[in-house]
Protein chains: 2
Amino acid sequence: MSHTLGVRQAQKQKTRQALLDAALGLLAEQSLSSLGLREVTRVVGIAPAAFYRHFKDLGELGVALVEEALGSLHVMVRAILAEQDGAEERIDRTVAVVERHVRAYPLHIRFIARERHGGVRAVRQAIADELDRFAEEVAAALKSQPVSEGWRDDDIRMLAELYVDRLVTTAAALLDADEDGAPGAADQVVLTARRQLRLISIGRQHWQEEGDLS
Amino acid sequence: MSHTLGVRQAQKQKTRQALLDAALGLLAEQSLSSLGLREVTRVVGIAPAAFYRHFKDLGELGVALVEEALGSLHVMVRAILAEQDGAEERIDRTVAVVERHVRAYPLHIRFIARERHGGVRAVRQAIADELDRFAEEVAAALKSQPVSEGWRDDDIRMLAELYVDRLVTTAAALLDADEDGAPGAADQVVLTARRQLRLISIGRQHWQEEGDLS
DNA sequence: CCATCCAGTAAACAACCGTTCTCTTAACTT
DNA sequence: AAGTTAAGAGAACGGTTGTTTACTGGATGG
């Protein structure tokens, strides 16, 4: 198999990817709803009209960016969830993965954090859907752990959402810390993230004891 | 005292407020970096050039909006923190306050959620600073509670950040649920938020026990 | 009462925008 | 080899943008 795909389509996908890359670069310092079509094509080096051969909208390009941005993180965390080590080790490894990912794809993280509540409805929706699937996977992984014995399904789900949310927030904070230039800022974020996850983990272990007073 | 302030300055503050209101309204469906100066003045009904009598920038207007948006929530939560009831009651009341606040000032919440990672540096910074002061206040309140006996200061701080972050996230989620039109969505968010706070509270109570295995 | 101040007006500016055409040219099909 | 397809070029369009200028007219304070 592996049909050579044709010179034609190959070139098309190449400039399509160039459009995505250019847009992602520009979005490091502005938001999608203020991004100009001409601005993007100018960076790529093609005529403005050529844009329409690939996307009918900047919103459509945005949705494509969402898939690209969340795809890689998706597999990485899935790998972590499959592991079977202790809670403490898992926390350390999770945070380490997030840290590495932020360093490897800072523009992707920026984009997601920025457009999650941004001005383009379609993109917001795409991110929400993707994060939802993400939470569902986390929930499935949590459920198969012995600590979750006797948990209600929606309690597992709420815990999964708490985790996912924390990962996204941590990634964004880490990014901010990195570009602030302050030397120890990033390490501080990592430390805080680990302890927050630890606290959540502790809460999880005592969740079923019920009787809680001030 | 209460000097009548002068007809002159009163009128000026009036149109200044009108500019803020108009901008906030427009920002319900776009982000600050795509908002046009003329767009705002058109809504208010004044000439574009008159804008410069009040702000030199749309960024400056944005910073003013940050103060307006976070000011009210600030006092409300401060009131809650001062209370001395049990953990469970405090959680319920906190979530209730957030819910009421979202309903009362939805545009403020939208704005904060959107511009927290938005495209205008000055506004991002203003929000970060404000949320930082917020976390500091929460930390102070947490410290004076008996549960915090023997806690390290930076552990209290990390808990405070966890709480603040959760409130902001919950507010944004609640807003999304409201405008989605789905009937039970908002209640679901409230329920989830309460349980997440409860889990964090449980983790807090067992924080010092240390020994945790999977 | 009169001179000063200043919030807002009106017009003009060059720069940029998204979108629509027609045309070219190279890759594909048969 | 001839005919078809489609990515991209290039120019033109009406419209909007931020900013600057000179101005008006009513509140302000001596």
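Nothing here was measured: the structure is a model prediction, and the numbers come from that model. Naming: A, B, ... by sequence-line order, numbering from 1 per chain.
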Of all pairs that satisfy ring pair (Phe, Tyr, Trp, His ring centres under 6.0 Å), the ones with a partner from residues 26-52 of chain B, not counting sequence neighbours = B:Phe51-B:Phe55
Partners meeting side-chain hydrogen bond (donor to acceptor under 3.5 Å, both in side chains) with B:Arg204 (sequence neighbours left out) | B:Gln145, B:Ser148
For A:His101, enumerate each residue passing the ring pair (Phe, Tyr, Trp, His ring centres under 6.0 Å) test, keeping only those at least two apart in sequence or located in another chain.
-> A:Tyr105
Please state how far atom NZ in B:Lys12 lies from atom C1' in C:dC5, giving the value in whole angstrom units.
-> 12 Å
Restricting to pairs with a member in residues 151-187 of chain A, which pass ring pair (Phe, Tyr, Trp, His ring centres under 6.0 Å), not counting sequence neighbours?
-> A:Trp151-A:Trp207
For residues 113-129 of chain B, pull every pair meeting salt bridge (Lys or Arg N to Asp or Glu O under 4.0 Å), keeping only residues two or more places apart or in separate chains.
-> B:Arg116-B:Asp165
In 5'-to-3' order, the base (B), backbone-only (S) or no-contact (-) status of each nucleotide in nucleotides 23-30 of chain C, using a 4.0 angstrom heavy-atom cut-off, is ---BBS--
In residues 16-24 of chain B, which residues come under 4.0 Å of DNA chain D by heavy atom?
-> none
Could you check if a side-chain atom of A:Arg166 sits within less than 4.5 angstrom of a side-chain atom of B:Leu162, using non-hydrogen atoms only?
-> yes
Between B:Gln17, B:Glu60, B:Lys12, B:Gln13, which is the residue that forms a side chain to side chain contact (heavy atoms under 4.5 Å, CB included) with B:His54?
-> B:Lys12
So ring pair (Phe, Tyr, Trp, His ring centres under 6.0 Å) across residues 56-77 of chain B, not counting sequence neighbours, yields B:His74-B:Phe134
Report the end-to-end axis angle of the helix from C:dT19-D:dA12 to C:dT30-D:dA1; each axis comes from five terminal pairs, and the value is rounded to 10°.
-> 10°
Residues B:Arg103, B:Glu99: salt bridge by 4.0 Å N-O rule | yes
Sub-3.5 Å pairs of nitrogen or oxygen atoms, protein against nucleotides 14-21 of chain C:
| unit_1 | atom_1 | unit_2 | atom_2 | d |
| --- | --- | --- | --- | --- |
| C:dC17 | OP2 | A:Arg42 | NH2 | 2.8 |
| C:dG18 | OP1 | A:Leu37 | N | 2.6 |
| C:dG18 | OP2 | A:Leu37 | N | 3.3 |
| C:dG18 | OP2 | A:Arg38 | N | 3.0 |
| C:dG18 | N7 | A:Arg38 | NH1 | 2.4 |
| C:dG18 | O6 | A:Arg38 | NH1 | 2.8 |
| C:dT19 | OP2 | A:Tyr52 | OH | 2.6 |
| C:dT19 | O5' | A:Tyr52 | OH | 3.2 |

So do B:Thr15 and B:Arg53 actually touch side chain to side chain, heavy atoms under 4.5 Å?
-> no
Where do B:Ile46 and B:Leu19 land on the side chain to side chain contact (heavy atoms under 4.5 Å, CB included) test, with the steps shown first?
-> CA-CA 10 Å; B:Ile46 63 176; B:Leu19 283 169; 4.2 Å; yes
Is B:Arg42 salt-bridged to B:Glu39, cutoff N-O under 4.0 Å?
-> no
Determine, for A:Arg93 against A:Glu83, whether the closest basic-nitrogen to carboxylate-oxygen distance falls under 4.0 angstrom.
-> yes
Has B:Thr15 got a side-chain N or O lying under 4.0 Å from the OP1 or OP2 atom of C:dA7?
-> no
Counterpart residues, side-chain hydrogen bond (donor to acceptor under 3.5 Å, both in side chains), relative to B:Thr94 (two or more places apart) = none
Below 4.5 Å, heavy atoms only, C-beta onward: do B:Arg195 and A:Asp154 meet side chain to side chain?
-> yes
Considering only heavy atoms of chain B and a distance under 4.0 Å, specify the first and last nucleotide of DNA chain D in 5' to 3' order that meet this criterion.
-> D:dT17 to D:dT28
